[in-house]
Amino acid sequence: MRQAIAAAAFAAFVVACLRLGWWQWQRYRAPGGSLQNLGYTLQWPTFALFALFALWRLRRLERQHRQRPPAPPGPPPPVPSRPVAAATDDASIDDASADDDDADDELAAYNRYLAQLNAKEQHRGR
């Protein structure tokens with residue numbers, strides 16, 4: 001159903017572009033016609049050709065997608081080396097960052113910075 005609607009929309013677009021190109025050709029041939037009308041005469045069929053190319057390309061990609069075998073399952077997600085506890089107050093955040101000092105000083109500094117931002121936000125919200 002969806003493909004039929006898309007095909008009908010493409011067909012309507014192509015027909016409209018070709019009719020507009022024909023209309024511009026008649027305007028160009030009329031006594032007041034200009035080179036701009038001739039340009040539009042060439043431009044509208046180009047739009048129609050692009051729509052036909054897009055339809056062809058979309059159908060080809062869809063066919064390739066249907067023919068492609070399913071991807072093998074990826075590796076399992078990594079398991080954390082230690083459980084991460086949820087912090088409920090500023091003291092527990094500071095305690096967690098103190099544990100990280102031994103493992104990674106940069107991470108601990110970043111955690112302290114986040115704890116300070118959280119404290120400022122909580123203080124501002126009161």
Side-chain angles (χ1 to χ4, degrees):
M1 175 71 172
R2 202 161 127 191
Q3 287 182 347
I5 293 172
F10 274 110
F13 182 78
V14 168
V15 168
C17 287
L18 293 176
R19 291 195 66 187
L20 286 167
W22 180 252
W23 172 65
Q24 286 294 332
W25 175 252
Q26 290 174 341
R27 298 267 318 211
Y28 170 70
R29 303 272 315 221
S34 66
L35 287 178
Q36 184 177 11
N37 296 114
L38 181 60
Y40 287 139
T41 299
L42 301 174
Q43 185 178 3
W44 284 111
T46 304
F47 291 155
L49 287 174
F50 178 75
L52 291 172
F53 170 76
L55 180 64
W56 171 78
R57 179 78 172 140
L58 287 173
R59 288 197 174 165
R60 182 172 163 226
L61 289 174
E62 186 177 284
R63 194 175 327 113
Q64 287 175 355
H65 181 69
R66 273 190 264 129
Q67 292 174 354
R68 184 179 308 144
V79 177
S81 60
R82 63 180 182 171
V84 178
T88 57
D89 60 354
D90 295 336
S92 61
I93 292 175
D94 290 335
D95 292 341
S97 64
D99 292 341
D100 291 340
D101 283 338
D102 297 335
D104 189 356
D105 291 335
E106 283 184 40
L107 180 60
Y110 183 67
N111 284 336
R112 283 190 297 274
Y113 171 71
L114 290 177
Q116 290 173 355
L117 288 177
N118 187 29
K120 286 180 185 178
E121 186 64 30
Q122 287 180 356
H123 179 69
R124 196 179 333 156
R126 291 183 185 165

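If you're wondering where the values come from, they're calculated on a predicted model, not measured in any experiment.
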Non-hydrogen side-chain atoms of F13 and F10 separated by less than 4.5 Å =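 No, every pair of side-chain atoms sits at 4.5 Å or beyond.
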
Can you tell me how far [atom2] of [Y] sits from [atom1] of [X], rounded to the nearest 0.5 angstrom?
X    : Y    : atom1 : atom2 : answer
L61  : W56  : CG    : CH2   : 8.5 Å
L20  : T41  : CG    : OG1   : 10.5 Å
L38  : Q24  : CG    : CD    : 10.0 Å
W22  : R27  : CH2   : CZ    : 15.0 Å
R112 : Q116 : CZ    : CD    : 8.5 Å
N37  : Y28  : CG    : OH    : 9.5 Å

Could you pull out the closest heavy-atom pair between G21 and P45, with the gap in Å?
->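 Distance-wise, the nearest heavy atoms are CA-CD, 4.4 Å.
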
Could you tell me which non-hydrogen atom of A51 sits nearest to which non-hydrogen atom of V14, and how far apart they are?
->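 It is CB-CG2, 4.1 Å.
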
Crowded around Q26 CD? As in, over 12 foreign heavy atoms under 6.0 Å?
->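 Yes, enclosed.
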
E106 atom CD, neighbour heavy-atom count above 12 within 6.0 Å |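 Open: at most 12 neighbouring heavy atoms sit under 6.0 Å from CD of E106.
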
Indicate the ring-plane relationship of F47 and W44, choosing parallel, tilted or perpendicular according to the 30° and 60° boundaries.
->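 F47 vs W44 ring planes: perpendicular.
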
Flag yes if L52 and L18 sit in one hydrophobic cluster, no otherwise; membership is Ile, Leu, Val, Met, Phe, Trp, Tyr, and two members link when side-chain heavy atoms are under 4.5 Å apart.
->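 Same hydrophobic cluster.
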
